Trainee: 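My structure is below; once you've seen it, I'll send some questions.
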Amino acid sequence: MKIEDIIEKINYEIEQIDDSLDVEEYGIVRSVGDGIVRVSGLSSCFASEMIEFENGAVGVALNLEEDFIGVVLFGSDEGIREGDRAKRMKKVLSIPVSDEVMGRVIDPLARPLDGKGEIAREKDQLIERVAPGVMMREPVSVPLQTGIKVIDALVPIGRGQRELIIGDRQTGKTAIAIDTIINQKGQGVKCIYVAIGQKQSKVMRVVKKLEEAGAMEYTTVVLAGASDAAALQYIAPYAGVAIGEYFLDNGEDVLVVYDDLSKHAAAYREISLLLRRPPGREAYPGDVFYLHSRLLERACRLNEEHGGGSITALPIIETQGGDVSAYIPTNVISITDGQIFLEAGLFNKGIRPAISVGLSVSRVGGAAQIKSMKKAAGPMKLALAQYRELESFAQFGSDLDEQTRKLLEHGEKSIELLKQNQYELIPVAKQVVAIYALNNGFLESVPTERIREWERGLYTFLDEVKSDLLVRVEKEWNDEVKKEIEEALKEYNHQFFSEHQLEKSEA
């Protein structure tokens, strides 16, 4: 071998040498307790950076102070002692995501909890991400059907919207969210259910119901249970929306349910007080509004230039004694695009879902409805508002004029028609026909106590005899379609009255 070849080979080998130093930074544990570790010596640490301890425990740096950093652990602090070393992992808190998360139950760090094996890691998604700017967004105009009549008709939800579900405990908040997830079957919407501070037994019942309905195949359940560390409950909703953003970036539509943000705020308060941050109103730290605003701002509908996907957020807030003026409820109400308010009084009267039509609102409104629903449901909200006023007035007097009596009767029938059992979801076209019947006098001769029976029969009749009409109602709304609906309702009413030997009133 020539001397030139030898020199060339040596030069090549020298060039290939990696002379960069792989520096690892370690700090020293100064105190540990209540899931909080104070570490000194990590002066270059970032906010929200992951920190690893000698026993393998992992935490996130939330407090960056002059002499030490405050690390919140994702598990028990058992096995961590003063004087132990803590290592910077040099990465901001993120979770591994891939298409395989669908159909799985995971914790907020994307570790499987369902015993179905590991989940493939396609990319790491940051838990905290800046929400898309205004110029990247599209107005909300595509409906997200819930299958629940009172919502789809009176407080519609659109893809990309943030609609708050609020009410006392045990009033059916989770039921509405689960029904909405089940109703997305075949609609091309990926669903993420984030359970924060819930009993694991309750969440497993929800998972079982989703599996029975065939909804788990397009749903991910992120579980931070009541017995889990406060840090896991704190990052759970951010992990849920991070998974949603993975699908959003692929141009898909996503629905994220946060159940519930009251417990999320309580977990954050616990962490903040243990980190010795100054308490404010109700002992919450001053940045508790930012806690939820930066989460819910990530729900959006992107324009075509940025993929055209959407994230719809359904945050849930629990009130105490119906008090919507409390600190956390008012915070979240001001962040969202409307609220569905559930009243314990209505629930106890047997009105399910127990949605207060007067206090519930959607700031997107008719823009998130198909044309036929927008036209059919228009007069309904005013009629219900009039009924609520007359109902309280009428109980003091028995002698009512004919017009008042008719308004009260119409209101009672409206309430009865809007009742709906959980898991009994109704396609939007059938809802339109039923509401059109109510608003146009086709229910005047039906006794109030038989409205539900009439309604069930109508849906069967439409499926068996008028399935082509349902397809048209969903796509268009004109005089011809209205005429067809009226003919179908006359035909069905004739059949219903004949079968049940009911006499038609002179109307």
Side-chain angles (χ1 to χ4, degrees), residues 138-161 163 179-180 182-189 251-253 255 301 303-304 308-310 312 337-338 362-384 413-414 417-418 420 424-444 454-496:
E138 191 80 12
V140 174
S141 59
V142 181
L144 183 111
Q145 307 293 357
T146 65
I148 301 168
K149 288 170 288 187
V150 64
I151 295 176
D152 291 342
L154 303 177
V155 276
I157 300 169
R159 295 187 185 185
Q161 191 175 343
E163 184 78 4
D179 276 354
T180 305
I182 292 171
N183 201 56
Q184 302 318 305
K185 191 170 186 178
Q187 303 296 315
V189 178
E252 298 186 65
D253 292 309
L255 168 68
R301 181 173 169 224
N303 55 34
E304 288 300 322
S310 71
T312 308
D337 307 312
S362 169
R363 296 193 188 107
V364 173
Q369 287 176 310
I370 60 171
K371 190 178 179 183
S372 55
M373 179 60 91
K374 189 176 178 179
K375 297 290 183 185
M380 205 171 187
K381 196 156 192 172
L382 180 61
L384 282 167
K413 287 178 178 176
S414 301
L417 186 70
L418 290 175
Q420 192 171 341
E424 284 182 9
L425 303 170
I426 300 160
V428 68
K430 289 182 182 177
Q431 294 181 35
V432 170
V433 176
I435 290 166
Y436 185 87
L438 174 75
N439 291 337
N440 290 276
F442 288 95
L443 287 175
E444 281 185 18
W454 177 93
E455 184 191 7
R456 283 192 295 271
L458 173 67
Y459 298 151
T460 305
F461 171 78
L462 290 171
D463 279 333
E464 292 174 355
V465 184
K466 300 286 180 181
S467 55
D468 55 332
L469 174 61
L470 292 174
V471 174
R472 288 193 65 193
V473 166
E474 198 160 349
K475 289 182 179 173
E476 56 185 315
W477 186 258
N478 51 43
D479 290 340
E480 195 183 323
V481 172
K482 282 195 275 187
K483 191 178 174 186
E484 278 189 54
I485 289 174
E486 287 179 9
E487 285 171 3
L489 287 168
K490 282 174 189 170
E491 186 182 334
Y492 170 66
N493 267 4
H494 178 73
Q495 178 186 311
F496 181 78

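Excluded from the calculations below are hydrogen atoms, water molecules and symmetry mates; all remaining heavy atoms, backbone and side chain alike, are included. Since the structure is predicted, the reported quantities are computational estimates derived from the model, not experimental observations. Nothing fancy with the numbering, it's 1 onward along the sequence.
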Trainee: Hey, is NZ on Lys381 packed in by over 12 heavy atoms from elsewhere, all under 6.0 Å?
Mentor: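 More than 12 within 6.0 Å, yes.
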
Trainee: Could you walk me through whether Lys490 and His494 pass the side chain to side chain contact (heavy atoms under 4.5 Å, CB included) test, one step at a time?
Mentor: CA-CA 6 Å; Lys490 282 174 189 170; His494 178 73; over 6 Å; no

Trainee: Take Lys375 and Lys482 through the test side chain to side chain contact (heavy atoms under 4.5 Å, CB included) and record every step on the way to the result.
Mentor: CA-CA 11 Å; Lys375 297 290 183 185; Lys482 282 195 275 187; over 6 Å; no

Trainee: Of all heavy-atom pairs between Ala377 and Ala153, which one has the smallest distance, and what is that distance?
Mentor: CB-O, 3.5 Å

Trainee: Look only at the side chain of Ser414 and the backbone of Leu384, and say whether a donor-acceptor pair between them is shorter than 3.5 Å.
Mentor: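 No.
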
Trainee: Run the side-chain donor-acceptor check on residues 434-442: report pairs under 3.5 Å with partners two or more places apart or on a different chain.
Mentor:
{"residue": "Tyr436", "atom": "OH", "partner": "Glu486", "partner atom": "OE2", "Å": "2.5"}
{"residue": "Asn439", "atom": "ND2", "partner": "Ala376", "partner atom": "O", "Å": "2.7"}
{"residue": "Asn440", "atom": "ND2", "partner": "Tyr436", "partner atom": "O", "Å": "2.8"}

Trainee: List in chain and number order the residues that pass side-chain contact (heavy atoms from CB on, under 4.5 Å) with Lys466, two or more places apart in sequence or in another chain; answer none if no residue qualifies.
Mentor: Phe461, Leu462, Leu469, Ala488, Glu491

Trainee: Could you tell me whether a side-chain N or O of Gln161 sits under 3.5 Å from a main-chain N or O of Val140, the two making a donor and an acceptor?
Mentor: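 Not a single qualifying donor-acceptor pair exists.
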
Trainee: Kindly give the heavy-atom pair with the smallest separation between Ala368 and Val364, and that separation in Å.
Mentor: CB-CG1, 3.7 Å

Trainee: Ignoring hydrogens and geometry, is there a side-chain-to-backbone donor-acceptor pair from Gln184 to Thr180 under 3.5 Å?
Mentor: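 Looks like yes, one N/O pair under 3.5 Å.
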
Trainee: Out of Val189, Leu144, Val142, which residue meets the side-chain contact (heavy atoms from CB on, under 4.5 Å) rule with Asp253?
Mentor: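 Filter result, single survivor: Val189.
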
Trainee: Please check if the side chain of Gln369 supplies one atom and the backbone of Pro143 the other of a donor-acceptor pair under 3.5 Å.
Mentor: no

Trainee: Please answer whether the main-chain N or O of Thr312 pairs with a side-chain N or O of Arg159 as donor and acceptor at a distance below 3.5 Å.
Mentor: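 Judged by distance alone, no pair lies under 3.5 Å.
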
Trainee: So, the side chain of Asp152 versus the backbone of Gly147: is there a donor-acceptor pair under 3.5 Å, distance only?
Mentor: yes

Trainee: Verify, without hydrogens or angle tests, whether Tyr492 (side chain) and Trp454 (backbone) share a donor-acceptor contact under 3.5 angstrom.
Mentor: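 Present.
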
Trainee: Can you check whether Gln420 reaches Val150 side chain to side chain, under 4.5 Å on heavy atoms?
Mentor: no

Trainee: Determine whether the side chains of Thr146 and Asn183 contain a donor N or O and an acceptor N or O closer than 3.5 Å.
Mentor: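 Note: Thr146 and Asn183 side chains miss the donor-acceptor criterion.
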
Trainee: If you measure from CD on Glu424 to CG on Asp179, what distance do you get to the nearest 0.5 Å?
Mentor: 9.5 Å

Trainee: Kindly say whether Ile426 contributes a backbone atom to a donor-acceptor pair with the side chain of Gln431 at under 3.5 angstrom?
Mentor: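 Yes, because the side chain of Gln431 sits within donor-acceptor range (under 3.5 Å) of the backbone of Ile426.
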
